[in-house]
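Before any comments, here is the structure.
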Amino acid sequence: MSDVRTRMERTEEESVEREDDEELTACPECSGNLISDTEHGETVCAECGLVVDEDQVDRGPEWRAFDSKEKNEKSRVGAPTTNTMHDKGLSTNIDWRDKDAYGNSLGARQREKMQRLRKWNERFRTRDSKERNLKQALGEIDRMASALGLPDNVRETASVIYRRALDEDLLPGRSIEGVSTACVYAAARQAGVPRSLDEIADVSRVEKSEVARTYRYVVRELNLEVRPADPESYVPRFASGLDLSDEAEHRARELLQTAKEQGVHSGKSPVGLAAAAVYAAALLTNEKTTQAEVSEVADISEVTIRNRYHELLEAEEAPAMA
């Protein structure tokens with residue numbers, strides 16, 4: 001009896017599978033053949049035009065290839081490469097946690113084995129002094145960019161600049177930390193999210209004077225196109241740090257634009273001008289803030305803020321008087 005029941009169950013399962021296959025291959029309305037329209041992501045009936053399935057996911061590549069050679073060149077797997085890692089992310093990385101795939105702790109012998117593997121893996125990843133130099137520098141760039149709240153594109157640009165400096169032998173006689181700090185400073189200015197030298201020096205392991213000197217050297221030798229910092233690019237960050245309204249931020253931009261038209265910004269520190277504009281805008285929009293608070297956020301002295309503040313107001317009043 002059990003064998004008979006087993007055969008009956010199998011027969012029922014096979015019939016259900018056949019019905020499912022028929023539903024996938026035949027039109028439910030006219031039993032016509034179904035075809036896949038990849039251009040519109042639909043499955044339609046070739047006879048009556050009924051749309052059986054829509055919004056299909058195209059799991060193929062987004063590129064086209066016309067021969068096997070081109071297909072092999074365009075094919076790719078794994079994570080994307082990145083310049084922020086010395087090996088561009090192409091090597092193996094062994095996790096520091098002594099746990100298996102299920103989260104269970106490893107035994108004593110397995111831990112010793114993994115420790116040896118980590119040691120040899122690290123030796124293979126940095127085979128020469130150049131790669132060790134690059135690994136240390138890119139680690140510094142990532143640390144400083146994270147401390148300054150810089151986006152990923154700035155880290156990528158700073159890594160590319162450091163690689164160029166290393167390839168052109170600009171490092172002899174200079175510290176790795178100094179050159180990597182200069183690369184972060186240059187990349188932030190190129191990306192339109194500049195940080196002041198004081199802010200850069202606060203997170204760096206070298207002095208402010210060395211950062212400035214190395215930055216000028218790297219820019220000159222690599223012919224980097226770095227425009228003078230625009231005071232307006234500092235305004236959103238300062239306004240956000242002081243919890244000012246959009247109106248105050250907009251007013252600060254207007255003050256700086258007027259100062260540019262009057263030529264007041266020439267030869268002045270963009271950070272000082274931006275801090276003074278934010279302070280003046282807060283007063284003009286009746287929002288409470290002090291010079292000490294602005295000084296702390298902008299990392300600049302109160303004396304500089306007062307001096308630039310008076311210059312901005314004079315520039316604002318000059319067109320009206322004219």
Side-chain angles (χ1 to χ4, degrees), residues 80-89 129-238 240-241 256 260 265-275 297-300 304:
T81 58
T82 173
N83 284 302
T84 58
M85 299 179 69
H86 74 283
D87 52 13
K88 297 192 176 181
S129 59
K130 184 177 180 180
E131 288 193 2
R132 286 193 294 272
N133 179 315
L134 193 57
K135 182 182 178 184
Q136 180 181 346
L138 296 182
E140 279 292 295
I141 288 173
D142 188 63
R143 180 188 65 80
M144 289 185 288
S146 178
L148 292 167
L150 295 172
D152 291 339
N153 65 311
V154 175
R155 305 181 192 199
E156 194 85 16
T157 303
S159 302
V160 171
I161 294 173
Y162 189 89
R163 287 175 185 274
R164 286 186 58 194
L166 187 62
D167 291 339
E168 298 190 20
D169 294 326
L170 302 184
L171 268 74
R174 290 168 180 79
S175 66
I176 295 174
E177 291 83 1
V179 177
S180 57
T181 306
C183 292
V184 172
Y185 182 54
R189 291 185 62 172
Q190 283 187 332
V193 285
R195 297 294 187 269
S196 66
L197 266 177
D198 291 321
E199 291 176 298
I200 293 287
D202 286 342
V203 300
S204 177
R205 303 182 195 274
V206 295
E207 297 295 328
K208 177 181 174 182
S209 57
E210 183 181 345
V211 175
R213 186 169 59 252
T214 308
Y215 165 74
R216 288 192 294 269
Y217 174 73
V218 169
V219 170
R220 183 177 66 253
E221 294 297 321
L222 296 181
N223 293 321
L224 298 179
E225 294 184 3
V226 182
R227 297 179 180 178
D230 188 351
E232 289 187 45
S233 60
Y234 293 93
V235 170
R237 191 156 50 90
F238 294 167
S240 176
L256 290 173
K260 290 178 188 177
H265 69 296
S266 180
K268 306 293 193 308
S269 166
V271 181
L273 281 172
V297 169
D299 196 14
I300 199 166
T304 302

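As a basis for the values below, the full set of heavy atoms in this structure was taken, side chains included, without hydrogen atoms, waters or symmetry mates.
- The closest donor-acceptor contact from the side chain of Ser159 to the backbone of Arg155 lies under 3.5 Å.
- In the model, Asp167 has no side-chain atom that pairs as donor or acceptor with a side-chain atom of Tyr162 under 3.5 Å.
- The shortest non-hydrogen separation linking Val218 to Leu224 is CG1-CD1, 4.3 Å.
- Between Ile141 atom CD1 and Leu150 atom CG the span is 11.5 Å, to the nearest 0.5 Å.
- By the 4.0 Å N-to-carboxylate-O rule, Lys260 lies close enough to Asp230 to be salt-bridged with it.
- Cation-pi geometry between Arg174 and Tyr217 is satisfied (NZ or CZ under 6.0 Å from the ring centre, within 45° of the ring normal).
- Scanning all heavy atoms of the two residues, the minimum distance from Ala298 to Ala275 falls at CB-CB, 3.7 Å.
- Looking only at atom types and distance, the side chain of Arg220 has no donor-acceptor partner in the side chain of Tyr215 under 3.5 Å away.
- Contact of the Glu199 side chain with the Arg237 side chain is registered, since non-hydrogen atoms from C-beta on lie closer than 4.5 Å.
- Annotation for Glu221: atom CD counts as buried by contact number, over 12 foreign heavy atoms lying within 6.0 Å.
- Of the possible polar contacts, none joining the Arg195 side chain to the Ala188 backbone as a donor-acceptor pair under 3.5 Å is found.
- Although no hydrogens or angles enter the test, the distance criterion places a donor-acceptor pair under 3.5 Å between the side chain of Thr214 and the main chain of Glu210.
- Of all the heavy atoms in Gly272 and Thr304, the pair that sits closest is CA-CG2, 4.2 Å.
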Next item on the list: Test Val193 against Ser233 for side chain to side chain contact (heavy atoms under 4.5 Å, CB included), laying out the working first.
Entry: CA-CA 7 Å; Val193 285; Ser233 60; over 6 Å; no
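- Rounding to the nearest 0.5 Å places OH of Tyr185 at 7.5 Å from OG of Ser196.
- For Ser175 against Val206, the heavy-atom pair with the smallest separation is OG-CG1, 3.9 Å.
- Atom CG of Leu171 sits about 6.0 Å away from atom CG of Leu166, to the nearest 0.5 Å.
- Between the side chain of Ser180 and the backbone N or O of Ile176, at least one donor-acceptor pair lies under 3.5 Å.
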Next item on the list: I would like to know whether Arg143 and Arg205 meet side chain to side chain contact (heavy atoms under 4.5 Å, CB included); could you show each step before the answer?
Entry: CA-CA 11 Å; Arg143 180 188 65 80; Arg205 303 182 195 274; 3.3 Å; yes
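- Between the Thr181 side chain and the Glu177 main chain, a donor and an acceptor come within less than 3.5 Å of each other.
- Residues Phe238 and Val271 form a side-chain contact, since some pair of their non-hydrogen atoms from C-beta on lies under 4.5 Å apart.
- Between Arg164 atom CZ and Leu170 atom CG the span is 9.0 Å, to the nearest 0.5 Å.
- In this structure, Arg132 CZ and Lys130 NZ are separated by 13.5 Å, a value rounded to the nearest 0.5 Å.
- Here the shortest heavy-atom pairing between Pro172 and Asp169 reads CD-O, 3.4 Å.
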